[in-house]
There are 2 protein chains.
Amino acid sequence: MARIVDVASHAGVSTATVSRVLNGKDVNPELAARVRTSVELLGYVPDRTARSLRRRASDVVALVLPDVENPFFTAVARGVEDVAQEAGYSVVLCNTDDDPAKESRYLSVAEHENMAGVLIAPATHTPTLEALRTRGRGVVVLDRHIDDDVDQVAFDNEALGRRATSMLIDQGFRRIACVTGPRSTSTAVERADGWRHALAEAGLPAEEDQLVHANFRVDGGYDALGDLLDRVECDAVVATNNLVGVGVLRALADRHGVPVPAPDGVPRPGGSAAPITGPALGVGIIGDLPFATSRTTDIHLLPLNPRDLGTAAAHLLLERFADPQRPARAVVQDVPAPDAPLSR
Amino acid sequence: MARIVDVASHAGVSTATVSRVLNGKDVNPELAARVRTSVELLGYVPDRTARSLRRRASDVVALVLPDVENPFFTAVARGVEDVAQEAGYSVVLCNTDDDPAKESRYLSVAEHENMAGVLIAPATHTPTLEALRTRGRGVVVLDRHIDDDVDQVAFDNEALGRRATSMLIDQGFRRIACVTGPRSTSTAVERADGWRHALAEAGLPAEEDQLVHANFRVDGGYDALGDLLDRVECDAVVATNNLVGVGVLRALADRHGVPVPAPDGVPRPGGSAAPITGPALGVGIIGDLPFATSRTTDIHLLPLNPRDLGTAAAHLLLERFADPQRPARAVVQDVPAPDAPLSR
DNA sequence: TTGTATGCGTTATCAT
DNA sequence: ATGATAACGCATACAA
């Protein structure tokens, strides 16, 4: 296995010069050329462990996510990868299951592996970022906002909740419930706020027993809808993320034998014509229905663009690397226009 | 930031002793106790970069996957994580897009980051594993079999192709096409072999123009089905992986306005009752329909257990770590029994 | 500009 | 069993 000393002796220069060539410092072009051919010839690749030790920072960034099985977050990961790779960084995915203990374990790993930076969708409002930040590592919070002076990218979640609810109001629904995520996430809380505000503005009742905090997974949506239908009267429901939406639809399918009827019980053109065996229920979902196999026009989706969220977060991190002193920035990520064509 | 020397001086011992305590070597219990309290007090955590450099191997394993957006592979990742974490290893996900260039780049990173091992679902029949293996790193090939003397775990793909096809034959279908993945993957090739054999055994024609090699993503299945329906007569189709299945169903939905009719054109109980506007087409899918929102009894699924595949692969890697000399083993991963209840 | 020599933090070797 | 010290491979301060 070729080492930097091998390259140096082969090229007839010092290891310092080899290092300089490899790191783009000023070097006599002739020497540089000799070094490069030696590198090529010997198949030399720097040992990144040694480099990290010496530089006190590696070229790996951690992407800490609550659920890598959620297509929303894998899309975020793709966006992050695109720009990070381009800039020479490797991305490693870390899965927290929205568990603060796992999260803080991964943050500790990132710290002691001397990773260059961390992108995180935090499981709580107070992730343990101090150690990383005092050691000068880049930190970007994404998707979920926290109350801290740190670089952040997130959607306008209150507006999303409001829009999802308005879509249903516009369709003629009047008693609209809401299934949202854990209180520990700003997305869940703010989207529910939006639901509350949209109802209030329309002069409709927003009773707190029509709001359910579930987890942000399929089983969360499934159980929540069952609970909701047993407790309260409603004619529609807002699901504040994609997997909760899937769970809600599965629960409806189980109850009614059909995904989603129209509000008045009359099938919509292009929609399913299966008989309705239970009360009609409109469904609004913030996000996409991943891997859906048919276009269901009677479900009201508010598609997001997680990949762009990822690229925006990665850019923020790169800017932070370039200028560690720059004041923290909180970016609001745009979402596709309401009438934009669906990507799937 | 506390270093090992700080702990040593605080505890009044040498750094060697601290290191020994932390690595479970034999040490005077009294000294060990002093060291441990110092570690606690100073909040000392070893620098993993330095440790890796010295040990010439880190405690990180790479999981190299063709498509992290495929729920099959994220489930594999969960399985791998479960057992790797338990054994003290961190798992990093690497995405190749089935691109040999990206794949070999990640393998090179794994090598030069001195990672402990690599688990890989290879993009080609000949991934570049020599460098890693000669350096004594653990290597396990998963999901896709290669012709090499290396630890492997995969399903019996020929049997899967055969079973998926038989399911359709049993339902009364007679002209069964097949959409499979790239020729560069054993899964695609062997499952297609199974399709061919099942038809032959049933005395049905298996014409090669009824076989399409697509990519293993949704667009692959979508385009392939369009192509197929334009070219050949058939009454059913086998999709050899989950995403291809999704693509096939989307193409059918676009053509017929309904996911999947029954073979004789009569809706099945519990199935969709929408009018059929085109020829009936049966669908068999090797794998699951991820995040499906209703139970469609007229699609014939052959569910797999990717999470178990991941745990099996991780166990193989741990065994390899424990005994580097052990001969390579090729494990055939069981699949759920045909009549097992669906997990979703 | 180039080379020499030191240090990053840990583990392993070699004495004791 | 324990301590002093060299070494892992690279990047950089300093000297030239």
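Residue numbers start from 1 in every chain, and the chains themselves are labelled A, B, ... in the order their sequence lines are given, proteins ahead of strands.
- Nucleic acid contact for A:Val27: sugar-phosphate only, since backbone atoms but no base atoms lie under 4.0 Å from a heavy atom of the residue.
- Put simply, A:Arg56 has a side-chain N or O that comes within less than 4.0 Å of OP1 or OP2 on C:dG9.
- At the heavy-atom level, B:Val13 lies under 4.0 Å from the strands shown only through sugar-phosphate atoms.
- Between B:Asn241 and B:Arg217, the side chains place no donor N or O within less than 3.5 Å of an acceptor N or O (distance only, hydrogens not considered).
- In the displayed structure, A:Asp147 atom CG is contacted under 6.0 Å by at most 12 heavy atoms of other residues, nucleotides or ligands.
- When DNA chain D is scanned 5' to 3' for any atom under 4.0 Å from a heavy atom of chain A, the first and last hits are D:dG9 to D:dA13.
- One atom, CD of A:Glu113, and another, C1' of C:dC8, lie 16 Å apart when rounded to the nearest Å.
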Would B:His145 and B:Ser186 satisfy side chain to side chain donor-acceptor pair (under 3.5 Å), going step by step from the backbone distance to the final call? CA-CA 6 Å; B:His145 182 272; B:Ser186 67; 5.6 Å; no

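- Residue B:Met1 contributes atom CE, which lies 10 Å from atom P of C:dG9 at whole-angstrom precision.
- Note: A:Ser52 OG to A:Met115 CE = 10.0 Å, rounded to the nearest 0.5 Å.
- If you take CD1 of A:Ile4 and C1' of C:dG3, they are 13 Å apart, rounded to a whole angstrom.
- Judged by distance alone, the side chains of A:Arg105 and B:Gln85 do bring a donor and an acceptor atom under 3.5 Å apart.
- B:Arg137 and B:Asn114 form a side-chain donor-acceptor contact under 3.5 Å, judged by distance and modelled atom types alone.
- Atom-to-atom, CD of A:Glu111 to P of C:dG9 comes out at 13 Å; the value is rounded to the nearest Å.
- The residue from B:Val27, B:Asn28, B:Val18 that alone fulfils the side-chain contact (heavy atoms from CB on, under 4.5 Å) condition with B:Val35 is B:Val18.
- Interatomic distance, CG of B:Leu309 versus CZ of B:Phe155, reported as 4.5 Å (0.5 Å rounding).
- Position along DNA chain C of the nearest nucleotide to A:Leu53 versus B:Leu22 favours A:Leu53 as the more 5'-ward residue.
- Rounded to whole Å, the distance from CG on B:Asp47 to P on C:dG7 is 18 Å.
- A donor-acceptor contact closer than 3.5 angstrom is absent between the side chains of B:Asn70 and B:Asp67.
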What pairs of nitrogen or oxygen atoms, one from the protein and one from nucleotides 12-15 of chain C, lie under 3.5 Å apart?
unit_1, atom_1, unit_2, atom_2, d
C:dA12, O4', B:Arg54, NH2, 3.0

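- Between A:Asn114 atom CG and C:dC8 atom P there is a gap of 13 Å when expressed in whole angstrom units.
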